[in-house]
Amino acid sequence: MSQIIIQGLLLSGLYALIAVGFTLIFSIGRVLNLAYGAYLMIGGYVYYHVTQVLDMPQLVGILLAVVFGCGVGVLKYTLLVKPLKGDHVAVEISTLILAVVIQAGIVLVFNDSSKILHPIVPGVWRVGGATVTFNILTAALASWAILIGLYLFVRNTHIGRAMQAVSMDTKGAAISGVDPDRINLITWGISGGLGAIAGVFFASYTQLNPSMWVAPLIIAVAVVIVGGIGSIIGTLIVAHIIGFMEIISTTLIAAELRGVFTMLLIIGVLVMRPRGLFGREEL
Amino acid sequence: MAFLEIEGLSAYYGKARALHNVDITVEKGEIVAIIGANGAGKSTLLDSIIGLTSIRGDVRLDGDSLTGLASSAIVERGVGYAPERFNLFPYMSVLDNLMVGAYTARHDTERNLELVFDLFPRLAERRNQETYTQSGGERQMVSLGRALMTNPSLILVDEPTIGLAPKVCLDIAAALNRLNQENGLTILITEQNANFAMSLASHLHILETGEVRMSGSAEELGANPELKKAYFGNTHGP
């Protein structure tokens, strides 16, 4: 039981970090950024290259992963999303195509074999009959720290409030002096950075390979569909529902069921409550 | 040179023309009203001044052209806007809505917040309330307050009395008068309620199907029998 609770909490923390960058974009533009999983892959590979090929310190690896993630987010908004503005289907299809292109690029540069990342923090901790790797513990603690930081940023800074404003009423934001384009650009950059750092932790928890973008994308899509809202608190709650559901199903039923219940939950919510569990009425 | 000069302004929604060759000037410190029925182009006119529609012609503020600038840049140059539908941020508190208005005028946040709460004490009492739970009158106050937080020298107010109780209309009129007389704010207001507009404005323009049909002082327009019948029929005031 304690194993389930501890593993559930840790995995959910990681899932919340994986999903939050995706929900930010959904919140501000009502767009599903299907290339989001590729941010995680880029983050993971940049970190791998910097720390395990170039043998540079971990902090440098994390920073460069974030810089690359932000850069890809900003470029994607500027070159793809902005020109296609307003056409959600076109944006979503093009982001999916972009993910496949990035996957091909990764194969070209790093080849298609899986790579194991060294644990960011090696070692294990035994607590209450459960075994916890310091790696997943670090990932979960970092997730919480980043999510709290992001929450405070969105609630208490001018740019954060402007992000909320654009997500609720673009015209209202524009006549308040906020440039919605600039806020979109900033949000896509932040989303890319969040995705990249989530990718570092996700890759250290699983492994690096050129198709690793699919699993986190499903988690992120699930959080948005099940939650129905792009809020940070909502993301956190739904990430815990999904994280615990996955731990319970893989521990008590069968490890092969990883992800299956998440899919079923997506379908169930789409059928029963298309607005999502925490979705608000459009005003 | 007038403070606000609108010259040969035509506005389009796609291929449909909503305004045709509109010329309007507003002197510094003046209240000017645009009167017109639904669909006359009143909101389009204000949207065009603040850069939300594609236009032909020119809009100048204090001699500087605003044409082609982004809305955020126009706001930064001193134009505040309280639109008809408010366009508030429904799941943010009153205070946060006002703080978004301070985005380009951060150094004056404290002073402007004091002005807004002094003008509308009800907003100070309900500063933590999310705006989607508020009444129309309260939302109008937040909308005006948010426009004031941008530090405007000109404020555009789109049909402030629509759907509001008479008592609230009087409060809004008092607030606009105070802003004009005590703070020297220039105000361009649109209204269907011609009596409300006349009670505030020194100069009025009648807008019909996207064109200015007639202009003049409140006395001049009030004395025109045809206009009196069409627009000033309600003698009970707001």
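A note on names: the letters A, B, ... follow the listed sequences, proteins ahead of strands, and every chain is numbered from 1.
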Discussion item. Within a 6.0 Å radius of atom CZ on B/Phe86, are there more than 12 heavy atoms belonging to other residues, nucleotides or ligands?
Written reply: yes
Discussion item. Is it the case that atom NZ in A/Lys82 sees more than 12 heavy atoms from other parts of the structure closer than 6.0 Å?
Written reply: no
Worksheet item: Looking at side-chain heavy atoms only, is the closest gap between A/His158 and B/Met99 below 4.5 Å?
Response: yes
Worksheet item: Side chains of B/Leu156 and A/Ile175: does their closest heavy-atom pair fall under 4.5 Å?
Response: no
Item to complete: Measure the shortest side-chain to side-chain distance between B/Leu88 and A/Asp169 over non-hydrogen atoms and say whether it is less than 4.5 angstrom.
Response: no
Item to complete: Evaluate whether atom CZ of B/Arg178 has more than 12 neighbouring non-hydrogen atoms of other residues, nucleotides or ligands under 6.0 angstrom away.
Response: yes
Worksheet item: What pair of heavy atoms forms the shortest contact from B/Tyr103 to A/Arg182, and how long is it?
Response: OH-NH1, 3.2 Å
Worksheet item: Does the side chain of B/Val75 come within less than 4.5 Å of A/Ser176's, by heavy atoms?
Response: no
Item to complete: Please report the closest heavy-atom contact between B/Ser72 and A/Gly177, naming both atoms and the distance.
Response: CB-O, 3.3 Å
Fill in: B/Ala82, part contacting chain A, at a heavy-atom distance under 4.5 Å
neither
Worksheet item: Considering residues, nucleotides and ligands other than B/Arg56, do more than 12 of their heavy atoms fall under 6.0 Å from its CZ?
Response: no
Worksheet item: More than 12 foreign heavy atoms under 6.0 Å from CD of B/Glu27: is that the case here?
Response: yes
Worksheet item: Should we count CZ of B/Arg106 as having more than 12 external heavy atoms under 6.0 Å?
Response: yes
Practice prompt. Taking the side chain as every heavy atom from C-beta outward, state whether B/Tyr91 and A/Met168 have any pair of such atoms under 4.5 Å apart.
Written response: yes
Worksheet item: Considering only heavy atoms, which portion of B/Asp47 lies under 4.5 Å from any heavy atom of chain A: side chain, backbone, both, or neither?
Response: side chain
Worksheet, complete the sentence: Rounding to 0.5 Å, atoms CZ (A/Arg161) and CG (B/Asp96) come to a distance of 5.5 Å
Worksheet item: Picking from A/Asp179, A/Val178, A/Ile159, which has the most non-hydrogen pairs under 4.5 angstrom with chain B?
Response: A/Val178
